[in-house]
Structure formats: structure tokens, C-alpha cells
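Input: a single structure, listed below in C-alpha cells.
Naming convention: chains lettered A, B, ... in sequence-line order (proteins, then strands); numbering from 1 in each chain. Quick note: numbers below take in every heavy atom, side chains included, and nothing from hydrogens, waters or symmetry partners. For clarity, every value in this text was computed on a predicted model and none was experimentally measured.
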Amino acid sequence: MRAHSQHVVRSASRVVVKVGSSSISGENSGQIALLVDALAEAHARGTEVVLVSSGAIAIGMPYLQLQERPTDLATQQAAASVGQNLLIFRYQERLDRYDIVAGQVLLTASDLDNATHRGNAQRAMERLMALRILPIVNENDTVATHEIRFGDNDRLAALVATLIGADLLVLLSDVDALYTCPPDVPGAARISHVAFGDPLAGMTFGATTVNGVGTGGASTKVTAARIAAQAGTAVLVTATGLVAEALRGDPVGTWFESSTAPSALRIS
Amino acid sequence: MSGLARENVAGAKRVVVKVGSSSISGENSDQITLLVDALAETYGRGIEVVLISSGAVATGMPFLNLEERPSDVATQQAAAAVGQNVLIFRYQESLDRYGIAAGTVLLTEGDALNEPYRSNTRRALERLLDLRILPVVNENDTVAVYGLRFGSNDRLAALVATLIRADLLIMLSDVDALYTKPPHLPGAVKLDFIGADDPLDAFEFSSGGATGVGTGGASTKVVAARLATEAGTAVLVTSTELAAAALRGEHVGTWFEPKATQERHALL
């Protein structure tokens with residue numbers, strides 16, 4: 001009954017949801033409402049929810065009077081510095097209707113390598129969830145250097161899921177699932193289930209690369225999913241438009257079975 | 001080269017203003033307007049301004065239904081994660097009157113002290129200033145808790161002022177100046193000018209804030225001031241009410257003369 005194994009999602013007690021920049025900025029900024037509605041529904045069931053959201057640079061750009069995405073790191077940092085405020089504000093504006101308060105958590109990769117910072121971040125997030133606050137996590141782009149960047153927030157999301165021992169990580173983008181080859185290529189077939197340790201041999205996953213920095217794409221999702229699965233977190237890859245279905249446990253997207261999945265999420 | 005002289009404050013090129021929690025939260029939250037007016041006036045004269053603002057924990061407290069500052073670090077972190085968003089929103093709302101965009105910069109001490117983070121942080125701040133964005137800096141309390149544990153951002157302010165080679169650091173609190181002993185004690189005399197090499201051991205500086213919200217006291221200001229003056233940045237300690245007067249170069253508060261240093265721009 002693999003196709004319906006995702007019903008266990010409903011019993012997950014801790015879920016990390018990661019959304020990409022293109023899903024919530026520019027012409028897709030309306031999707032923030034849809035995303036927040038789905039998060040609020042899960043929150044109301046008593047699920048602990050953490051949102052990992054990109055989008056600060058894209059949202060900040062217009063305020064720097066820049067026509068296109070800046071290519072130098074310093075200007076990207078400046079855009080992120082302005083955009084992060086607006087990003088959180090937009091989420092909070094929508095969360096207000098559910099009386100949910102957002103808490104901002106900005107992390108760099110080096111924070112998670114530093115035992116003290118890592119412990120501080122873990123403690124802060126545990127307390128936020130205990131207080132029923134919705135943590136909204138992003139890379140601290142303003143102080144992240146090229147050398148130390150997470151590279152993409154898929155990896156950040158996997159590390160956060162691991163940090164807090166989440167049952168489930170949901171990676172959202174503009175594509176409904178992973179495919180055996182890029183979905184615009186003839187013969188591409190949806191992958192619905194990935195067993196733990198499956199090498200996914202013979203499949204091609206596209207990478208989106210901007211200025212040498214991976215900013216998403218199927219290949220970073222596969223890599224991130226493996227990090228999380230290895231640490232015991234099941235992973236679902238799907239589209240932002242399907243987030244409500246995904247969090248209800250409907251059979252959408254691509255499901256990655258975890259290594260030592262908690263029994264509630266193990267697929268038999 | 002000799003640092004900024006007190007009579008030349010109006011001609012400073014780059015100023016860091018640090019404001020304490022009790023000056024801008026709770027019953028003093030309307031002082032944000034007054035502070036922003038003073039910053040905008042300075043900004044309007046073409047001066048580069050960076051704001052270091054405490055107050056995230058105090059601002060977040062009501063959203064956690066807390067009446068008193070929490071005593072445990074985890075709850076302080078949670079309050080800060082919520083309060084930072086609200087604090088920035090209040091600043092931006094006030095800055096909107098002047099068409100100035102704020103950029104959030106959340107730092108750990110390592111971001112200001114250690115390479116490669118230090119250079120990266122400086123570059124990001126410089127770029128924000130080039131773009132005429134007002135950086136609003138705070139400690140990243142989710143991952144670093146120095147300020148929470150040691151009671152103030154005075155040290156962070158001095159590190160940032162030094163990092164970006166500000167001409168002047170203005171530290172604002174509820175007291176108009178430093179005194180020879182706590183100002184409520186009989187015989188306390190206002191300190192007007194402290195030379196770069198003047199000894200300070202004859203004075204008695206209190207270590208705690210009076211209000212229980214902001215936790216810094218006169219002693220953390222003196223230590224931070226010396227850190228900045230050693231690096232060639234002049235320091236003025238005064239009250240938030242007097243921010244506009246201070247930024248116009250009026251004779252208020254306690255002035256710490258900067259040390260004459262080597263040509264500060266030659267090495268880097």
C-alpha cells in the first residue's frame with residue numbers, strides 16, 4: 001500500500017516545511033497566503049511546525065532600486081538585509097488571522113558547525129515550539145560568506161530538521177514531484193517513493209546554478225533529502241501549490257523513506 | 001591621526017548610535033519616533049548612520065504573555081525571536097515618514113571579531129551604507145547569548161563602530177551622562193569629558209540598569225567606550241531624549257576622547 005503510506009503524515013508531531021524563493025516572491029507572492037493557511041491547519045492539529053523560507057534577496061531587491069538580481073555578494077547581502085524584514089512582515093500579516101506569532105531564526109552554516117551556537121539554536125527553537133510560536137528560519141545571508149554558505153536552503157532545511165529531530169521534512173518548490181529526468185524531457189516519469197538507500201541509479205536531476213551558487217533544483221533536493229533521511233527524518237518533495245494536501249497526508253509528491261524512521265512514519 | 005574632536009561632531013562622516021532596551025520598549029516605546037527623527041535628520045545631512053538597537057526581548061515579552069523579563073535564557077531567546085520582528089517593524093514604520101529603508105543585521109561577536117566573518121560583515125555594512133539603507137544591528141540572540149547573559153549590547157556597539165571605523169559612537173540610555181557615582185547618590189557629579197588616557201578608577205559605575213528591562217549599566221558603557229576610543233572612535237554617552245542634540249553637536253552627555261591612532265585606513 002505504498003501509494004497511501006503518506007497518511008502517517010497526519011500523525012507526525014514535528015514537521016519542517018521549506019519553501020523556495022521563487023514560490024513566494026514576485027508573481028508568486030500570493031502563494032504566501034496558501035502556504036500560511038496550510039501551516040496554520042497543521043499547527044491547529046497540534047503539530048509542531050517550523051518554516052524554512054528563502055526569498056529575502058528577491059523581496060529586498062525592489063527596495064534597492066535594482067532591476068535584476070545582484071551578482072556581487074555585498075549587494076545580495078544588502079538586499080537580504082532589507083528583504084528579510086519584509087518577508088517576515090508578510091508572513092506575520094497572514095498569520096495574524098490565525099493568532100499565530102512568528103519568531104525569526106537566522107542561521108549560518110558555521111553556526112551549525114559551532115557547538116555553542118548549535119546548542120543555542122536548538123534550545124531557542126525548542127522553546128519557541130513549546131510556546132506555540134512558529135519559527136521562521138532563513139540563512140543569515142547578511143553575514144554569510146560565499147565560502148560558508150549553505151548553498152541553498154534545501155540543505156539548511158535538512159540540517160534544521162536534523163537539529164530538532166523532526167519526523168518529517170517537506171521541501172516545496174514549483175514542481176509537484178521529482179521525476180526520473182527533468183520533467184520537460186519526454187519520458188520523464190514521476191518518482192512517488194524512494195526507499196532508504198536507493199541510489200536512484202540512471203536518473204538525472206537538474207541543478208539550478210546562479211553565480212556558481214546552487215539555488216535549488218532537483219539535485220539539491222535529493223542531496224538534502226538524503227541528509228535528512230539518514231538522520232531519521234522522512235522527506236516529501238512537492239509543489240508549494242500542493243502544500244495543504246501534503247500536510248494532510250494525501251499521496252502527492254515524492255516520498256523519501258527515512259533510515260531509522262520513527263515507527264509512526266515507517267513504511268511497511 | 002587624531003580622532004573626531006567634540007566641536008566637530010556635526011562634521012562626522014560615519015556615526016554609530018546605540019540605544020538601550022529600556023529607552024524604546026514598554027512605556028518608552030514612543031521614544032522610537034524621537035530617535036528616528038534624530039537619525040533621519042543626521043542621515044539627511046549625508047552622514048552615514050548605523051543603529052545598534054537592543055530591545056528585542058522586551059518588545060517580544062507581551063507576545064509571549066510575559067509581564068516580566070524571563071530569567072531563563074531559552075525564553076529570552078524565544079522572546080527575542082518574536083520581538084526582533086516587531087522592533088524592526090516599528091522602526092520601519094517610523095522611517096517610512098522619511099522614505100528610508102532599514103536593513104536588519106543580526107550578528108554574533110565572532111561576526112565582528114574573527115576572519116573571514118569580520119571582513120564579510122564590514123563589507124555588508126559598507127554596502128548597506130553605500131545604498132543609503134539604515135542598518136539596524138542587534139545580537140543574533142538565537143545563536144549567541146553574550147548580550148543576554150552579560151546584559152547589554154554596549155560591547156557589540158563598540159565592536160561594530162571599530163569594525164567600520166566610525167568617527168563617533170553615541171550610546172543612549174535613560175541617563176543624560178555618566179556621573180562620578182550613581183546619579184541618585186548625594187554628591188554625584190556629572191562627567192563632561194574623559195581624556196583618552198584619563199584614569200577612571202576614582203569613579204563608581206553601577207553595573208545594573210535601574211529598570212530591570214535593559215540590563216546594561218554605566219560600567220558596561222565605560223568598558224565599551226574605552227574599547228572604541230582605543231581604536232580611534234570618539235564616544236558620547238547620553239540619554240535617548242538628547243539624541244537629536246547630541247547628533248547636532250550640542251554640548252551634552254559625557255565625551256570620551258579617542259586615542260590618536262596610526263593612519264587607520266592604511267593597512268586594510
Side-chain angles (χ1 to χ4, degrees), chain A residues 56 60 63-66 70 72-89 91-92 101-108 110-112 114 116-137 140-148, chain B residues 56 60 63-66 70 72-89 91-93 101-108 110-112 114-137 140-145 148:
Chain A
Y63 298 87
L64 270 53
Q65 269 100 47
L66 300 171
D72 66 297
L73 178 64
T75 307
Q76 288 178 8
Q77 289 172 320
S81 167
V82 173
Q84 179 66 25
N85 300 340
L86 295 161
L87 182 66
I88 292 284
F89 175 68
Y91 279 121
Q92 185 60 63
V101 174
Q104 173 177 258
V105 177
L106 297 181
L107 301 173
T108 61
S110 64
D111 286 328
L112 293 182
N114 173 316
T116 306
H117 288 184
R118 187 181 165 85
N120 285 334
Q122 184 178 18
R123 181 181 50 197
M125 291 183 58
E126 290 284 350
R127 182 52 54 97
L128 284 166
M129 290 184 287
L131 291 163
R132 301 291 287 149
I133 291 163
L134 178 77
I136 302 183
V137 183
N140 194 352
D141 284 312
T142 305
V143 296
T145 67
H146 272 312
E147 298 73 32
I148 61 164
Chain B
F63 297 90
L64 274 58
N65 301 315
L66 298 171
D72 68 297
V73 172
T75 308
Q76 289 173 9
Q77 289 180 291
V82 172
Q84 179 67 28
N85 305 338
V86 179
L87 186 63
I88 284 287
F89 177 72
Y91 278 122
Q92 186 59 62
E93 200 173 39
T104 292
V105 181
L106 296 184
L107 300 177
T108 64
D111 292 324
N114 307 327
E115 293 297 352
Y117 314 109
R118 177 182 158 79
S119 298
N120 180 60
T121 304
R122 179 167 58 216
R123 195 168 46 225
L125 285 166
E126 303 256 357
R127 190 78 184 106
L128 284 165
L129 293 170
D130 284 348
L131 291 162
R132 298 292 285 150
I133 291 162
L134 179 77
V136 180
V137 181
N140 191 356
D141 289 320
T142 312
V143 293
V145 295
L148 293 179

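- Note on A/Gln84, A/Gln92, A/His117, A/Arg118: by heavy-atom pairs under 4.5 Å with chain B, the leading option is A/His117.
- Between B/Asn120 and A/Thr142, the shortest heavy-atom contact is ND2-O, 4.2 Å.
- Across all non-hydrogen atoms, the minimal contact from A/Ala102 to B/Asn85 is O-ND2, 3.4 Å.
- Between B/Ile133 and A/Leu64 the shortest side-chain heavy-atom distance falls below 4.5 Å.
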Item to check | Derivation and outcome, side-chain contact (heavy atoms from CB on, under 4.5 Å), residues B/Arg127 and A/Asp72 | outcome: CA-CA 10 Å; B/Arg127 190 78 184 106; A/Asp72 66 297; 3.9 Å; yes
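- Each of B/Gly83, B/Ala102, B/Ala101, B/Gly60 has some count of heavy-atom pairs under 4.5 Å with chain A, and the biggest count is that of B/Ala102.
- In this structure, the separation between CG on B/Leu106 and CG on A/Leu106 is 5.5 Å, given to the nearest 0.5 Å.
- Between the CG atom in B/Leu128 and the OG atom in A/Ser81 there is a gap of 4.5 Å [rounded to 0.5 Å].
- Among the candidates A/Asn85, A/Ile88, A/Val101, the residue making the largest number of heavy-atom pairs closer than 4.5 Å to chain B is A/Asn85.
- Closest of all the heavy-atom pairs between A/Asn120 and B/Ala144 is ND2-CA, 4.0 Å.
- Interface remark: B/Asp130 contributes no atoms to any contact with chain A (heavy atom separation under 4.5 Å).
- With respect to chain B, the highest number of heavy-atom pairs below 4.5 Å among A/Gly103, A/Ala130, A/Ala56, A/Ala79 belongs to A/Gly103.
- For the atom pair CZ of A/Arg132 and CG of B/Leu64, the computed distance is 13.5 Å after rounding to the nearest 0.5 Å.
- Looking at every heavy atom in both residues, B/Val143 comes nearest to A/Ala121 through CG1-CB, 3.9 Å.
- Taking OG1 of B/Thr108 as the reference point, atom CG of A/Asn114 lies at 8.0 Å (rounded to 0.5 Å).
- Between atom CD of residue A/Gln104 and atom OG1 of residue B/Thr142 there is a gap of 7.5 Å, rounded to the nearest 0.5 Å.
- When only modelled atom types and interatomic distance are considered, A/Arg127 and B/Gln77 share no side-chain donor-acceptor pair under 3.5 Å.
- Neither the backbone nor the side chain of B/Ser119 comes within contact range of chain A; no heavy atoms are under 4.5 Å apart.
- In terms of heavy-atom pairs under 4.5 angstrom with chain A, the leader among B/Leu107, B/Asn140, B/Val136, B/Thr121 is B/Asn140.
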